[in-house]
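Accompanying notes for the structure given below.
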Protein chains: 2
Amino acid sequence: MNKKRRETPARMSDIARLAGVSASTVSRALAGSPLVAAAKREEIRRLARERGYVINSTARNLRLQRTQAISVAIPLGHETSQPLTDPFFTEMLGHLADCITQRGYGMFLQKVVPPMDDWLLRLIGSHKSDGIVVIGQSTEHAALEEAAARYKPLVVWGGHLPRQSYCTVGTDNVAGARAAVEHLIALGRRRIVFLGDPAVPEVGLRYEGYRLAHERAARQGIQPHIVPAHLTADTAYEAMRAFIGSAGSFDAVFGATDVIALSAVRAITAAGMSVPRDVAVAGYDDISFAAHANPPLTTVRQDLQRGARMLIDLLFRRMAGEDAPSATMPAELILRESTGRIDVLSVNRP
Amino acid sequence: MNKKRRETPARMSDIARLAGVSASTVSRALAGSPLVAAAKREEIRRLARERGYVINSTARNLRLQRTQAISVAIPLGHETSQPLTDPFFTEMLGHLADCITQRGYGMFLQKVVPPMDDWLLRLIGSHKSDGIVVIGQSTEHAALEEAAARYKPLVVWGGHLPRQSYCTVGTDNVAGARAAVEHLIALGRRRIVFLGDPAVPEVGLRYEGYRLAHERAARQGIQPHIVPAHLTADTAYEAMRAFIGSAGSFDAVFGATDVIALSAVRAITAAGMSVPRDVAVAGYDDISFAAHANPPLTTVRQDLQRGARMLIDLLFRRMAGEDAPSATMPAELILRESTGRIDVLSVNRP
DNA sequence: TTGAAAGCGATACCAC
DNA sequence: GTGGTATCGCTTTCAA
């Protein structure tokens with residue numbers, strides 16, 4: 001059997017030979033160029049389709065100096081554990097995948113774990129993608145600043161910091177957190193623990209909102225109290241557990257994220273206290289699980305679908321050369337039972 | 001000011017010029033080749049680092065004929081709606097990202113929506129990645145068969161069908177579903193609705209398990225009954241609602257996935273019935289939300305972390321030329337309150 | 001040990 | 001309209 005097996009052609013020149021034309025013509029035909037005669041164009045396309053030929057995107061990308069792909073990077077500098085299972089990230093990822101796919105681009109997912117030296121500059125320099133979305137500033141504010149100075153097509157989901165030069169999309173963390181904490185105070189809570197790590201920019205802004213709410217309520221003798229906690233469920237649970245064991249009294253917890261707040265609920269319940277009766281708990285994000293938790297979690301809602309759309313919209317404008325600015329979306333306080341029944345609330349108010 | 005601004009060098013030849021050597025030498029130095037003198041090697045590397053030079057991966061990939069990337073494709077042929085928010089997918093994605101990153105590969109995410117002509121052959125032909133993971137067979141069994149005949153580095157999360165030639169990883173859908181349904185029968189349920197679309201291979205296998213359980217119980221006068229439902233929460237809710245409105249009696253629902261089962265719970269509750277008192281509900285997947293739903297959902301657990309590890313392990317073996325076989329993992333029935341309280345269960349049993 | 005040159009597979013300019 | 005050729009930026013053989 002030396003009859004050659006019909007392989008799928010690997011190169012454009014193979015198709016060219018089969019069609020009796022040059023590679024240039026095949027390239028033009030496949031690109032739909034009006035330069036090549038209509039009849040010949042259709043024949044070449046048919047041939048390519050029949051033989052299962054597909055343009056090699058690596059070669060094409062090299063030649064065209066673009067990749068039709070967006071990198072989505074998730075820095076996990078703050079995390080002690082590795083796995084990418086945080087529902088906030090996975091939900092955001094889903095929405096981003098939708099937006100990016102819709103524009104005909106590919107999505108290149110990049111988990112960034114310590115040691116994180118130069119990851120962003122390397123990602124940029126590698127030319128793997130035409131633009132970069134970073135989800136969460138994590139510990140990487142400095143790296144983002146440095147990169148943004150020279151690389152435009154970069155957008156970040158996260159907090160908008162003063163004098164920051166990179167482009168962010170996010171909710172109004174200060175206002176959102178403040179509304180949540182003011183709600184707790186209005187409910188009569190007097191010792192509200194902030195659970196989270198303010199070194200992460202978004203969390204820092206939420207802490208600022210927490211602080212502002214306390215400042216306004218200072219005359220009522222309410223003092224802020226922070227319990228440091230990382231962003232993973234396990235570490236947050238542990239931090240809360242340790243705090244319960246060692247500390248004085250408290251009657252409310254504001255978790256920097258829903259994952260943290262829900263971990264706090266677990267720790268509080270495990271210690272024999274009741275949420276919301278003994279301790280009211282509120283979070284931030286409104287991950288889809290928050291509404292179905294037990295008890296349902298009061299939280300500050302971020303519209304991730306809208307956020308993803310904005311990120312990608314700004315990114316494409318930046319890729320087109322425009323100097324698209326940061327955007328802040330309103331945050332919405334969602335009242336649920338973890339801070340007390342809503343109908344009871346009005347009764348309790350002075 | 002005609003003093004040239006020090007730009008980050010774009011090409012290897014720039015570094016070569018700066019170092020006073022040829023590009024070949026730079027390439028070798030950066031690759032850590034022992035061929036280049038140690039001192040010179042270090043100097044070149046230092047220079048590259050200082051100037052922020054990064055190897056252009058597109059060019060490198062073209063030359064080396066590999067991409068250091070894995071494509072993860074999610075076919076959504078069965079879905080009526082678009083967004084990639086299904087928790088099963090996003091959880092799986094997170095685990096895959098972990099495994100792929102760990103091996104030093106990039107992850108290329110590909111959502112596949114109708115019309116889906118030739119998507120897999122095109123993905124393969126484009127040479128975007130060195131291997132492909134497909135999550136869920138959806139409607140694409142034929143496409144997978146066709147592709148697998150010529151392309152080895154392909155693995156699929158899904159059901160293992162008879163005489164199938166592509167490599168799958170998944171749980172034992174028949175046994176898992178059967179265990180769940182037998183549990184419902186043992187609880188005394190006599191009219192158990194199967195909610196799902198058996199045209200999707202995994203769902204078909206689960207239906208087979210459902211059918212087998214019924215076959216064994218046929219003498220008790222228990223008849224199977226299927227209600228077609230797509231995989232999204234909204235369509236499943238609607239299907240269940242319509243069925244409740246139009247149909248005769250039923251006292252249990254087996255949902256083909258947790259998303260479907262939880263939608264059924266919503267529809268049943270909205271119709272004024274109680275879960276599990278009036279209707280017992282079980283699902284499949286054990287998505288992380290299942291344990292926290294109200295009531296907590298009895299379901300068949302798939303260990304996605306282990307599944308992702310297996311997928312990637314098999315994929316890399318196939319990329320290395322090995323003909324790695326399919327793998328089936330055991331499924332585990334998790335009893336929770338949506339089928340009745342477990343302590344009550346033993347009491348109720350004959 | 002180093003450099004010159006070929007080649008990965010496509011696109012686009014420039015002739016014809 | 002079509003084909004030849006240079007080029008994108010890198011790696012690797014071959015020769016020195």
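Here is how names work: the chains are called A, B, and so on, in the same order as the sequence lines, proteins then strands, and each is numbered from 1.
- Taking side-chain N and O atoms only, B:K40 has a distance below 4.0 Å to OP1 or OP2 of C:dT2.
- Checked by atom type and distance alone, the side chain of A:D130 pairs as donor or acceptor with a backbone atom of A:T67 at under 3.5 Å.
- Side-chain atoms of B:Y151 and B:E146 include no donor-acceptor pair closer than 3.5 Å.
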For this session: Quick one: do A:V169 and A:V155 satisfy side-chain contact (heavy atoms from CB on, under 4.5 Å)? Show the steps, please.
Result: CA-CA 8 Å; A:V169 174; A:V155 296; 5.6 Å; no
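- Mapping B:L35 and B:S57 onto DNA chain D by nearest heavy atom places B:S57 closer to the 5' end of the strand.
- Formation of a donor-acceptor pair under 3.5 Å by the B:S138 side chain with backbone atoms of B:E140 is not found in this model.
- Think of the region where chain B sits on DNA chain D: with heavy atoms and a 4.0 Å cut, that region ends 5' and 3' at D:dG9 to D:dT13.
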Name the pairs: protein N/O against N/O of nucleotides 9-13 of chain C, kept only if under 3.5 Å.
| from | atom 1 | to | atom 2 | distance (Å) |
| --- | --- | --- | --- | --- |
| C:dG9 | OP1 | B:Q65 | NE2 | 3.0 |
| C:dG9 | N2 | A:A59 | O | 3.3 |
| C:dA10 | OP1 | A:Y53 | OH | 2.3 |
| C:dA10 | OP1 | A:N56 | N | 3.2 |
| C:dA10 | OP2 | A:M12 | N | 2.4 |
| C:dT11 | OP1 | A:R60 | NE | 2.9 |
| C:dT11 | OP1 | A:R60 | NH2 | 3.4 |
| C:dT11 | OP2 | A:S27 | OG | 2.6 |
| C:dT11 | O2 | A:R63 | NH1 | 2.2 |
| C:dA12 | N6 | A:S24 | OG | 2.9 |
| C:dC13 | N4 | A:R28 | NH1 | 3.3 |

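- For A:T328 (side chain) and A:G170 (main-chain N/O), no donor-acceptor pair under 3.5 Å exists by modelled atom type.
- Although no hydrogens or angles enter the test, the distance criterion places no donor-acceptor pair under 3.5 Å between the side chain of A:R309 and the main chain of A:C99.
- Remark: side-chain polar atoms of A:R41 are not paired, donor with acceptor, to backbone N or O of A:A29 under 3.5 angstrom.
- Judged by distance alone, the side chains of B:H160 and B:Q164 do bring a donor and an acceptor atom under 3.5 Å apart.
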